[in-house]
Amino acid sequence: MPDALNRMVVTPELNYDQLTLGEATLIQQQLRGHLRLEPFQKEIKTIAGADISLTLYSETVFAGLVILSYPELQPIACSLVQSSTIFPYVPGYLAFREIPAILKAYEQIPVKPDLIMFDGNGILHARRMGIASHFGVVTGAVTMGCAKKKLAGQYAEPGASKGEYANVTDKGEVIGYAVRTKENVKPVFISPGHQMSLEDSLAIALKCTGKHRLPEPTRYAHEYVNKFRTGEIKAGYHDLSSWKLF
DNA sequence: GCGACAG
DNA sequence: ATCTTGTCGC
């Protein structure tokens, strides 16, 4: 891989804006070699949800992570940061558009969460390098993905009851699951990102599921970055333990 | 060439 | 993703 591209992979201040899709593909193939999907061993005490909110026709992005206690799933902190991107949304290359902003928000967190759930995929991706896997390999964080729509692979519709699921396969291998997180509601697509197994991602997703279709981490992340975009919450790192007291 | 296509 | 009203169901 060319030096310039290699720097893109490991540089703290990632700048993906000038990449061509061909170069982006090379980076994904390079990162794939660093994927680790061994079972997650440690005990989970905190889990974060990561997401971004956009304004139509604007390069401004509002990124953030919300950290929840686990297994209680109560929001305890959030990190919000405003950034910009010109990298377009192209299916299969979401990471290049969103990671720079989310990375800024992540670096602003004093005590990192035990794992991060992304609004997007992990290895449920044509090159097994969705945004969750990409972020995990670049930062070394434990990550997983939760997408609202299928990006790749095939699957049989899971049963209608909450908790039922079906494998999503591609080229003969299981790359994730279509999970029914709510009765009679479209499934979400779960897959490991980095430093955890397929089974881990499924188990964690189910433990993070409450009354809604989206697991609590990504549900809160979506809610907070949206409030951030509309001005209801300011940029920065916020301790939420005090907020919800009154 | 045709269909699929995270946010 | 975001822009939007009503509507169906628990």
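Chain identifiers are assigned alphabetically (A, B, ...) following the order of the sequence lines, protein sequences preceding nucleic acid strands; residue numbering begins at 1 within each chain.
- In this structure, Lys182(A) does not reach the dC10(C) phosphate: none of its side-chain N or O atoms is under 4.0 Å from OP1 or OP2.
- Within 4.0 Å (heavy atoms only), Asn121(A) reaches at least one base atom of the nucleic acid.
- Residues satisfying the side chain to side chain contact (heavy atoms under 4.5 Å, CB included) test with Leu73(A), not counting sequence neighbours, are Ile47(A), Leu68(A), Tyr70(A), Cys208(A), Glu216(A).
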Could you write out each protein N or O paired with an N or O of nucleotides 2-5 of chain C at a distance under 3.5 Å?
{"from": "dT2(C)", "atom 1": "OP1", "to": "Ser53(A)", "atom 2": "OG", "distance (Å)": "2.8"}
{"from": "dT2(C)", "atom 1": "OP1", "to": "Asn226(A)", "atom 2": "OD1", "distance (Å)": "3.3"}

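- Taking the six-membered ring for Trp and thresholds of 30 and 60 degrees, Phe118(A) and Phe135(A) have ring planes inclined between 30 and 60 degrees apart.
- Evaluated for a side chain to side chain contact (heavy atoms under 4.5 Å, CB included) with Leu115(A), the options Val142(A), Thr143(A), Asp200(A), Thr46(A) yield exactly one hit, Val142(A).
- Few gaps surround OH on Tyr106(A); more than 12 heavy atoms of other groups in view lie less than 6.0 Å from it.
- Within 4.0 Å (heavy atoms only), Asp51(A) reaches sugar-phosphate atoms of the nucleic acid but no base atom.
- Put simply, chain A comes within 4.0 Å of DNA chain B, heavy atom to any atom, from dC5(B) to dG7(B), going 5' to 3'.
- Residue Ile131(A) is classed as a base contact, given a heavy-atom separation below 4.0 Å to a base.
- Between Ser53(A) and the choices Glu223(A), Arg229(A), His222(A), the side-chain hydrogen bond (donor to acceptor under 3.5 Å, both in side chains) rule is met once, by Arg229(A).
- Among the protein residues, Gly92(A) comes within range of the nucleic acid bases, having at least one heavy atom under 4.0 Å from a base atom.
- Using a 4.0 Å heavy-atom criterion, one finds that Tyr93(A) contacts the bases of the nucleic acid, with or without backbone contacts as well.
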Please report the C-alpha distance between Glu173(A) and Arg128(A) in whole Å, then the side-chain angles of each, then the deciding distance to 0.1 Å, and finally whether the side-chain contact (heavy atoms from CB on, under 4.5 Å) criterion is met. CA-CA 11 Å; Glu173(A) 57 179 314; Arg128(A) 311 293 182 266; 3.1 Å; yes

side-chain hydrogen bond (donor to acceptor under 3.5 Å, both in side chains) between Asn167(A) and Thr169(A): does it pass, once the steps are laid out? CA-CA 6 Å; Asn167(A) 293 346; Thr169(A) 60; over 6 Å; no

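- Taking the centre of each ring, Phe62(A) and Phe228(A) come in below the 6.0 Å mark.
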